[in-house]
Asks: 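I have a structure I would like to understand better, so I am pasting it below and will then ask my questions one at a time.
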Protein chains: 2
Amino acid sequence: MLNYIILGMIFDCTASGYDIKKYIEKGIGIFYKASYGSIYPTLKKLTEDGLVTVTKEEQGARQKKLYTITAEGQQIFLKWLSEPISPEEGNGNNSHLARVYFYDKLPYETVKQQLLDYELNNTTYLRKLLLLKDNFQSPDIQGKYYYKISTLYYGIAILQETIRWCQFIRGREPFENFLNKGGLNNE
Amino acid sequence: MLNYIILGMIFDCTASGYDIKKYIEKGIGIFYKASYGSIYPTLKKLTEDGLVTVTKEEQGARQKKLYTITAEGQQIFLKWLSEPISPEEGNGNNSHLARVYFYDKLPYETVKQQLLDYELNNTTYLRKLLLLKDNFQSPDIQGKYYYKISTLYYGIAILQETIRWCQFIRGREPFENFLNKGGLNNE
DNA sequence: ACAAACATGTAATAAGTTACATGATTGG
DNA sequence: CCAATCATGTAACTTATTACATGTTTGT
């Protein structure tokens, strides 16, 4: 995963390992973290595989290694990006978001198709959970297993929001209409 | 994590490694998966640490190892369960749910406190994201970085649902009032 | 002067997955 | 009889984290 994220982050601008860490924090820090202990070794491997090249830049005594994506690197990245979002992706770990983050680099038709597939997978899964929940309707079961059941309802709520989000961004609707009113909102 | 989940799963009933796998699938399979390649070694370590004991049961030529939690195991489990849900927990990976799943074993006051803390952390985070989103309001930025921005809105939506869920289950309200109407719902 | 940020990296460890390897029992 | 399920485990590998180790430059 990190290898693709690095390729995406330097897709149209050269950067150092240190820079990449900051790009990740600023860009997808909400749902993905990477430490130097993983970034530097990954950069090394990407170099060995010929997906990036490195140029040393010296500013006085301070050294800096700038990484540039190669044509093969771009190809590999775009291939990964075009692949469908697998059902496990986004299921718990939000790694589907890392993919979507880079969707501005993909043709609109591809994006639409992947988002539709992802939405359908989520809908299928939601249907299953909605049926499951019906097994836990009696008051005595809800009393004894309240919190166990609550995790099921959490899953349902998150799936519903995910589906709503998919439908919304598939249509590239303006975000001002996205947020639910109610709760805390700063307008 | 898996060590605690196993302790929780056999907290009040003895089970085999095979059983545990099924309990996990049935119970928290929505947001957590475990393979035999992690379950059996973990069971071995728990035995070495004295948190579980094992008894061999032979049914004909078929052997089965039944694991029972020890007093120390129960103590360690309840200690873990009582700890606050850390902010990273639930942030991307939904491991907070594994904790909540076992909350029926905890005094109501403890549960209420942990859920309140967790809700507050989420609220703080939500406030930060709501401010962040204001930096991306101009139409040309939304055109160029639509999908990047979409991940921010996803985060906001999920946080809002998480907070709503926290408030709801903190009050132990009946689930019939939880689900949002609209979208696909089977009633 | 000193803290924060810039900058790169390694070693030990953690926590798991996947594929392999083996065999018994049950239900149709 | 044969597929599915029951039942346990190991070996190689993946992917990351944490702590360590080192040194520079900028801003106050």
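Naming: A, B, ... by sequence-line order, numbering from 1 per chain. This one's a predicted model, so the numbers in the text were calculated from it and none came from an experiment.
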Asks: Would you say the side-chain atoms of B:T124 and B:N121 include a donor-acceptor pair closer than 3.5 Å?
Replies: no
Asks: Quick check: do B:I156 and B:L126 have side-chain heavy atoms less than 4.5 Å from each other?
Replies: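 Side-chain contact under 4.5 Å: yes.
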Asks: Quick one: does B:N122's side chain get under 4.5 Å of B:Q160's, heavy atoms only?
Replies: no
Asks: Taking CD from A:E58 and C1' from C:dT8, how many angstroms apart are they, rounded to a whole number?
Replies: 13 Å
Asks: Just the rounded figure in Å: distance from P of D:dT24 to NZ of A:K56.
Replies: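 Computing the A:K56:NZ to D:dT24:P distance gives 17 Å.
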Asks: Using a 4.0 Å heavy-atom cut-off, write out nucleotides 9-19 of chain C from 5' to 3' as B (base contacted by protein), S (sugar-phosphate only) or - (no contact).
Replies: BB-----SBB-
Asks: Report yes if some heavy atom in the side chain of B:T110 is under 4.5 Å from a heavy atom in the side chain of B:L81; otherwise report no.
Replies: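 Of all side-chain heavy-atom pairs linking B:L81 with B:T110, none is under 4.5 Å.
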Asks: Taking the six-membered ring for Trp, is the centroid-to-centroid distance between A:Y103 and B:Y146 below 6.0 Å?
Replies: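 Here the rings of B:Y146 and A:Y103 have centres that are no less than 6.0 Å from each other.
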Asks: Atom pairs under 3.5 Å, N or O on each side, protein against nucleotides 24-28 of chain C: can you list them with distances?
Replies:
from   : atom 1 : to    : atom 2 : distance (Å)
C:dT25 : OP1    : B:A61 : N      : 3.3
C:dT25 : O4'    : B:R62 : NH1    : 2.6

Asks: Side chains of A:T123 and A:L159, heavy atoms from C-beta outward: is any pair under 4.5 Å?
Replies: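 Sidechains of A:L159 and A:T123: no contact.
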Asks: Could you tell me how far apart B:K26 (NZ) and D:dT5 (P) are, to the nearest whole angstrom?
Replies: 15 Å
Asks: Is there any salt bridge (Lys or Arg N to Asp or Glu O under 4.0 Å) pair reaching into residues 97-114 of chain A, and which pairs are they, with sequence neighbours excluded?
Replies: A:D12-A:K105, A:E89-A:R99
Asks: Could you state the atom-to-atom distance from CD of A:E25 to C1' of C:dA7 in whole Å?
Replies: 14 Å
Asks: side-chain hydrogen bond (donor to acceptor under 3.5 Å, both in side chains) with A:Q75: which residues, sequence neighbours excluded?
Replies: none
Asks: Between A:Q167 and A:E119, do the side chains contain an N or O donor and an N or O acceptor separated by less than 3.5 Å?
Replies: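 A:E119 and A:Q167 do have a side-chain donor-acceptor pair below 3.5 Å.
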Asks: Which residue in the set A:F178, A:W165, A:F175 passes ring-ring contact (aromatic ring centres under 6.0 Å, His included) when paired with B:Y154?
Replies: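 The option that passes is A:W165.
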Asks: Considering only heavy atoms from C-beta outward, does the side chain of A:M1 approach that of A:W80 to under 4.5 Å?
Replies: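 Of all side-chain heavy-atom pairs linking A:W80 with A:M1, at least one is under 4.5 Å.
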Asks: If an axis is fit to five pairs at each end of the helix from C:dA1-D:dT28 to C:dG28-D:dC1, what is the angle between the two, to the nearest 10°?
Replies: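 The end axes of the helix from C:dA1-D:dT28 to C:dG28-D:dC1 are about 40° apart, to the nearest 10°.
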Asks: Below 4.5 Å, heavy atoms only, C-beta onward: do A:K56 and A:K64 meet side chain to side chain?
Replies: no
Asks: Within residues 8-22 of chain A, find the residues that approach DNA chain C with a heavy atom at under 4.0 Å, and present them sorted by residue number.
Replies: A:S16, A:G17, A:Y18, A:K22
Asks: Side-chain contact test, heavy atoms from C-beta onward, threshold under 4.5 Å: evaluate it for B:I149 versus B:Q142 and give yes or no.
Replies: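 The answer is yes; the side chains approach within 4.5 Å.
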